Structures are given as structure tokens and as C-alpha cells.
Amino acid sequence: MDIRTISSHNLIPVIDPVFLKQSPDEFLAENGGFLSEVAVVGKSSSGFVHYRSATAPTDRETNEFFSTFSTIADSIGIKVYGFVNGLADSFLAKNPGYSAIKDGGNPNNDFVDPFKTSYTNYLKSITTEIIGFPIKGMLLDNIRFPREEYSFCENCCRRFSERYGIDRIFSLSDLQKDPNLLNQWITWRKDAIETILRELSESIQSQKAIDLDITIDIDPTMNASKGALDHFGQDISVISKYGNPTIHLSAWTAFPNAVDTPEYQSLLNSLSFAKNVQSQLNLFIWGVEDESLITIIDALKEELPINRVFLQNHFPVDYQKRREIHLGLS
């Protein structure tokens, strides 16, 4: 599905400079007349940014894409959202001092441990650079744990064991044997995510009054909103305090191909929690290559109080790797 089709349905296309293979001038010459809003990736899950940064590593091939795009777009009246990958950062996650540690001791080389407070300061510096460009909003993605088996680094386990009076060496299965202890662990992880969101939100809003959208990862096969909390440490009520909750619908399971199907009803049921959200609610879906899926999106907008819909018409370049993390295969 092309950019013009996405925009014609009042959806906001998400542009990834790494995938696009066009310069900002070429893209806007071709599509600018059809756009009113667009989200552009400023920091990829690779950890590289797409502008000249004093903080983060800059992608050599797209080193001025974000800065040039946002400047040109602003000059012709297009609203730009800066898309920032948070804890998905393959560059720094390869550093043992930052990588999230899986139950059992294996490091994840693509996700940073949410308990690493120095990384939050790093993200604050990046978002400060990005809001220095003429953007009207920001979409924060991947402020989360990779899965429920994280993070079991030595320092995390020591601090948790000291607070709750348990042995310093423990596993997820040990926690699952005690419902009260498991709930404390889930709250412990949720609080870590909230700390990051609070600091980022305060830093951003103190410098520039912009729309701040924050994703919550929803997979109907992983118990939807409860799964987001149990696996990723994401709580929609927490996200609502600091920005607009943006449901990132799972791309790991098949999307319904029609409204009048059991699959669509199952999807709708898994999103029933969203009907009670008091703040503005958005939707983010990637990998939407077929225009027929617009019908499903329109139906969801009628059922739920959805405002903005961000749509990426392809999967991320590291899709397979991220799928394996999501499914617990790596």
C-alpha cells in the first residue's frame, strides 16, 4: 500500500529512512502534496539515529534524513512526528553494561535493561536533540522489557531480594510459585517503566509543548493488556499519566482479513480494555501491505475511541530478530 493511499484514509504513514531508499527531497516531491501528517523514524531499533547527533551513533547513509525531512516538511505545512525507539537499541545492548539479562543469565543484545538509569539520561539527550527540529509530536516506542523473562541482571536481583527479603539468587519460576511475590515483581518492573516515562515526559514537555504518544504492545495471543503488563511492564493507566497511549497491535499473529470473522471478534474482545481509557487513544500498526486491511482499521475506529492511527506499510528491517524475541525464541 503506497503513501498516498494511507494518507487518503486519514491515517499517518510511518517513514523509516533505512527502508525508504529515497532522499527527503525525492520523497516529498513525490508525496508531499498528499500529506498533512507523517511520522519519521529519528532513532531506529539498531540504536542509530538519522541526523547528526552529539549523543548517539549516526547512520552513515541516512545521517541527515530526519533533520532535512522535518525542516522541509515544516516549511510546506506538514506535521511531523518524531518516532523514537526507546529500549530497543542493538548498538548499546551489545555492551554487557546495558543489555537486558534473561532469566538464566543470557544477555539480550537488542534490548537495554530498563533498570539502567544512565540509559534514561541517554534517551533524554536524544529526545532533546530531536525536539530541536521542527516537529509537532513524538511517538515513543519500545519503552518496555523484551519479555517476562527479563531483567535478571545481578544488580536487579540483588536490589529486589533486599527489598522483599528473599534469597539473592532466584528465577522466574521461583517467583511464580508465590503469587504475592510474583505480584511484587510485576509491580517492580512496572515501576521501572514508569520511572523512564516520567523522566522522559518531564524532560520533553519542559522544553517544548508537543503531542507525546507512547506505545503499549498488545498481542491478543498473550492476554492483551494483562500480557502487556506481565511481559513488558507496560500499564495503560501509567502510560496515560505521561502521554497518549498508543496501542501497537502485534504483527506476530495473523491480522483478520474481514470484519465478519471470528478472528476480528477475538481481536475486538482483546481490545475491550481500551473502551475505558480516559485519555486520548491512538493506534500503531506495522506491516500493513494490503489496502483491504483498511476496512479492519476503520471498524476498530468505530468501536474504540481511537484518535490517531500510525501505519507502517512494511515490516521493520529487523523483523525476524524482533519476532524471535517476542516469541521467546532467543
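None of these values were measured; they are calculated from a predicted model.
The backbone N or O of E30 sits less than 3.5 Å from a side-chain atom of R4, completing a donor-acceptor pair. Side-chain N or O atoms of R189 include one that pairs as donor or acceptor with a backbone N or O of D230 at under 3.5 Å. Of the possible polar contacts, one joining the D178 side chain to the L181 backbone as a donor-acceptor pair under 3.5 Å is found.
Judged purely by distance below 3.5 Å, without hydrogens or angles, the side chains of N282 and Q280 pair a donor atom with an acceptor atom. Side-chain atoms of D219 and H326 form a donor-acceptor pair, as typed in the model, at a separation below 3.5 Å. No side-chain donor from either of N108 and S99 sits under 3.5 Å from a side-chain acceptor of the other. Judged purely by distance below 3.5 Å, without hydrogens or angles, the side chains of Y319 and K321 never pair a donor atom with an acceptor atom.
In E154, the CD atom is not crowded: 12 or fewer heavy atoms of neighbouring residues, nucleotides or ligands sit closer than 6.0 Å. Heavy atoms of other residues, nucleotides or ligands lying less than 6.0 angstrom from CD of E61 number 12 at most. When the shell of 6.0 Å around NZ of K226 is examined, it contains 12 or fewer heavy atoms from other residues, nucleotides or ligands. Around atom CZ of R168, no more than 12 heavy atoms belonging to other residues, nucleotides or ligands sit under 6.0 Å away. In I169, the CD1 atom is not crowded: 12 or fewer heavy atoms of neighbouring residues, nucleotides or ligands sit closer than 6.0 Å.
Nearest heavy-atom pair, S46 versus D89, reported as atom, atom and distance to 0.1 Å: O-OD1, 4.2 Å. Considering every non-hydrogen atom in both A192 and F115, the closest pair reads CB-CE2, 3.5 Å. Of all non-hydrogen atoms in P114 and S151, the two that sit nearest each other are CD-OG, 3.8 Å.
Here the side chains of T246 and I216 are not in contact, with every heavy-atom distance at 4.5 Å or above. Taking 4.5 Å as the limit, some side-chain heavy atom of M138 sits within range of a side-chain heavy atom of I135. Taking 4.5 Å as the limit, some side-chain heavy atom of I294 sits within range of a side-chain heavy atom of M1.
When each of F69, F65, F133 is checked for a ring-ring contact (aromatic ring centres under 6.0 Å, His included) with Y51, only F133 meets the rule. A ring-ring contact (aromatic ring centres under 6.0 Å, His included) with F284 holds for exactly one of Y81, F83, F310; it is F83. Each of T5, D2, N313 was compared with E291 under the side-chain contact (heavy atoms from CB on, under 4.5 Å) criterion, and only T5 meets it.
Taking the six-membered ring for Trp and thresholds of 30 and 60 degrees, W185 and F160 have ring planes more than 60 degrees apart, a perpendicular arrangement.
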Could you walk me through whether N85 and S45 satisfy the side chain to side chain donor-acceptor pair (under 3.5 Å) test, starting with their C-alpha distance in whole Å, then the side-chain angles of each, then the deciding distance to 0.1 Å, before giving a yes or no? CA-CA 6 Å; N85 274 281; S45 58; 4.9 Å; no
